[in-house]
Amino acid sequence: MKIATFNINGIKARIGALTDWLTESQPDVALLQEIKSVDGNFPRQHLEDMGYIVETHGQKGFNGVAILSKIPLEDVTRGLPGDDSDEQARWIEATVMGDIPVRVCGLYLPNGNPVELDSDGNPVQGGKYAYKMGWMDRLYQRAQTLMADEMPALMAGDYNIIPQPEDAKRPDAWTKDALHRLPSREAFRRIQHLGFTEAFRATTFGDGHYSFWDYQAGAWDRNDGIRIDHFLLTPQCADLLQSCWIESAVRGREKPSDHVPVWVDLAA
């Protein structure tokens with residue numbers, strides 16, 4: 001079972017690039033972020049004609065996540081539990097009914113900038129960084145439940161977290177950014193320490209491996225990137241892991257997203 005996560009940065013702007021990628025790379029399951037579309041305007045029929053089951057959790061002009069699957073899906077749910085007032089479309093999950101069923105959770109974690117802190121250094125309530133950290137607290141709770149279920153499960157998507165200095169070309173430039181502040185990284189590791197495997201770092205070491213390059217200042221040409229798109233696997237899912245890789249060449253295509261697909265291959 002080959003699963004890819006891909007922040008496409010707008011389904012309307014990227015439908016041609018997405019179609020080409022699906023045709024060439026043939027994921028069994030694709031978890032999409034930043035579709036920037038309400039469910040009714042998502043090109044469902046086009047993707048179904050390509051052989052995919054389509055499930056979306058959309059939002060007008062912002063955010064939005066989707067699952068495309070060639071394998072039957074069961075028990076599709078939308079929205080990260082823990083805050084019924086949260087209107088941002090950032091979470092979708094389903095069970096992929098392969099030879100071994102796998103629970104897949106697609107996420108688009110808040111960016112968190114600008115970082116607004118009070119005089120004690122705590123996130124200002126109502127600010128974007130407070131929302132990010134609160135969302136990560138809810139993610140931790142959902143992760144605990146996934147661990148307790150003891151089935152193969154993964155949480156994948158744009159985490160907007162640079163976990164380690166080697167995950168950025170210029171780590172010093174990100175130290176005060178919400179993506180790489182110490183509390184952000186600590187919240188990410190707190191989830192990992194429940195027993196999750198970060199798939200890419202379980203298979204690949206060293207620097208120079210990125211999944212995002214800004215559109216500005218020739219970042220792609222200079223390989224001035226960051227790695228913020230991740231797979232976290234439960235132990236039962238990690239046992240199925242065969243490989244994990246970043247499809248970086250997609251960034252060099254016509255009208256690309258600023259992110260590229262990240263893949264896992266599971267023996268499922």
Side-chain angles (χ1 to χ4, degrees), residues 1-7 27 29-33 65 80 90-91 93 96 102-112 132-133 135-169 171 174 177-213 225-248 259-268:
M1 184 188 296
K2 292 183 178 180
I3 303 174
T5 177
F6 192 4
N7 179 322
V29 180
L31 305 173
L32 306 181
Q33 302 91 48
V65 287
L80 182 64
R90 294 180 174 273
W91 180 271
E93 60 179 276
V96 182
V102 177
R103 188 71 177 169
V104 300
C105 307
L107 64 92
Y108 177 42
L109 203 148
N111 177 286
K132 180 189 186 90
M133 299 306 289
W135 207 94
M136 295 190 79
D137 285 343
R138 290 160 53 201
L139 181 61
Y140 178 84
Q141 298 299 322
R142 182 66 189 123
Q144 283 186 310
T145 301
L146 290 171
M147 291 294 291
D149 288 343
E150 295 187 350
M151 73 172 292
L154 58 84
M155 303 188 299
D158 178 359
Y159 277 77
N160 272 314
I161 294 288
I162 305 169
Q164 301 168 162
E166 57 262 41
D167 295 316
K169 179 67 173 289
W174 296 91
D177 192 281
L179 277 64
H180 194 54
R181 291 189 78 241
L182 181 58
S184 304
R185 290 183 283 134
E186 287 177 337
F188 184 74
R189 287 198 176 85
R190 181 173 175 237
I191 295 168
Q192 283 186 269
H193 290 164
L194 291 170
F196 283 84
T197 294
E198 206 257 271
F200 186 78
R201 283 304 178 199
T203 59
T204 306
F205 303 96
D207 56 14
H209 305 285
Y210 311 126
S211 63
F212 171 93
W213 297 260
I226 55 178
R227 191 176 70 90
I228 56 175
D229 302 87
H230 311 301
F231 278 88
L232 294 184
L233 315 181
T234 64
Q236 295 80 7
C237 192
D239 286 344
L240 305 174
L241 178 64
Q242 300 191 103
S243 59
C244 177
W245 69 97
I246 299 172
E247 194 178 0
S248 55
H259 294 251
V260 296
V262 180
W263 293 73
V264 293
D265 189 358
L266 304 179

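For reference, positions follow the sequence shown, starting with 1. When reading the values below, keep in mind they use all heavy atoms of this one structure, side chains included, and skip hydrogens, waters and symmetry mates.
Listed for the R185 side chain is a donor-acceptor partner under 3.5 Å among the backbone atoms of H180. Side chain of S184 to backbone of A178: a donor-acceptor contact under 3.5 angstrom is found. Remark: the backbone N or O of Q236 is not paired with any side-chain donor or acceptor of D239 at under 3.5 angstrom. A donor-acceptor contact shorter than 3.5 Å is absent between the side chain of T197 and the backbone of A238. Side-chain atoms of D265 do not come within 3.5 Å of backbone N or O of S243 as any donor-acceptor pair. Of the possible donor and acceptor atoms, none in the side chain of R103 sits under 3.5 Å from a partner among the backbone N and O of L146.
Nearest approach of L31 to G106, heavy atoms of both residues: CD1-CA, 4.3 Å. In this structure, A268 and V102 approach most closely via the heavy-atom pair CB-CG2, 4.0 Å. Of all heavy-atom pairs between L241 and L266, the closest is CA-CD2, 3.9 Å. The two residues Y210 and I246 come nearest to each other via the heavy atoms O-CG2, 3.3 Å. Closest non-hydrogen pair, C244 versus T203, comes out as O-OG1, 3.6 Å. Nearest heavy-atom pair, C237 versus A153, reported as atom, atom and distance to 0.1 Å: CB-O, 3.3 Å.
Using a 4.5 Å heavy-atom threshold, the side chains of L179 and N111 count as touching. Side-chain contact between R189 and Q164: present, with at least one pair of heavy atoms (C-beta onward) separated by less than 4.5 Å. Annotation: side chain of T5 is in contact with side chain of Q33 (closest heavy-atom distance under 4.5 Å). Looking only at side-chain heavy atoms (C-beta outward), M136 and N160 stay at 4.5 Å or farther from each other. For the pair L139/Y159, a side-chain contact is recorded, criterion being any heavy-atom separation below 4.5 Å from C-beta on. Residues V260 and W213 have side chains in contact (heavy-atom distance under 4.5 Å, counting atoms from C-beta outward). Side chains of H209 and S248 form no contact here, defined as non-hydrogen atoms less than 4.5 Å apart. Residues M1 and L240 fail the side-chain proximity criterion, which asks for heavy atoms closer than 4.5 Å.
With values rounded to the nearest 0.5 angstrom, L232 atom CG is found 8.0 Å from L107 atom CG. One finds the CG atom of L109 at 10.0 Å from the CZ atom of R138 (value rounded to the nearest 0.5 Å). Once rounded to the nearest 0.5 Å, the distance linking CG of D158 with CZ of F6 reads 11.5 Å. Going from atom CZ of F188 over to atom NE2 of H193 covers 10.0 Å, rounded to the nearest 0.5 Å. Here L233 contributes atom CG and Q192 contributes atom CD; the two are 10.5 Å apart, rounded to the nearest 0.5 Å. Taken from CG in L154 to NE2 in H230, the straight-line distance is 14.0 Å, to the nearest 0.5 Å.
Applying the side chain to side chain donor-acceptor pair (under 3.5 Å) criterion to W263, with sequence neighbours excluded, gives E247. Applying the ring-ring contact (aromatic ring centres under 6.0 Å, His included) test to Y108 and every residue at least two apart in sequence or in another chain returns nothing. Remark: H259 pairs with F212 by the ring-ring contact (aromatic ring centres under 6.0 Å, His included) rule, at least two apart or across chains.
With respect to R227 and D207, no salt bridge is recorded, no charged nitrogen being found less than 4.0 Å from a carboxylate O.
In the displayed structure, K169 atom NZ is contacted under 6.0 Å by more than 12 heavy atoms of other residues, nucleotides or ligands.
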Exercise for review: List the steps, then state whether side-chain contact (heavy atoms from CB on, under 4.5 Å) holds for E166 with R201.
Suggested key: CA-CA 11 Å; E166 57 262 41; R201 283 304 178 199; 3.7 Å; yes

Review point. Given the rule in the side-chain contact (heavy atoms from CB on, under 4.5 Å) test, do L194 and Q144 qualify, once you have shown the distances and angles that lead to the verdict?
Key: CA-CA 7 Å; L194 291 170; Q144 283 186 310; 3.8 Å; yes

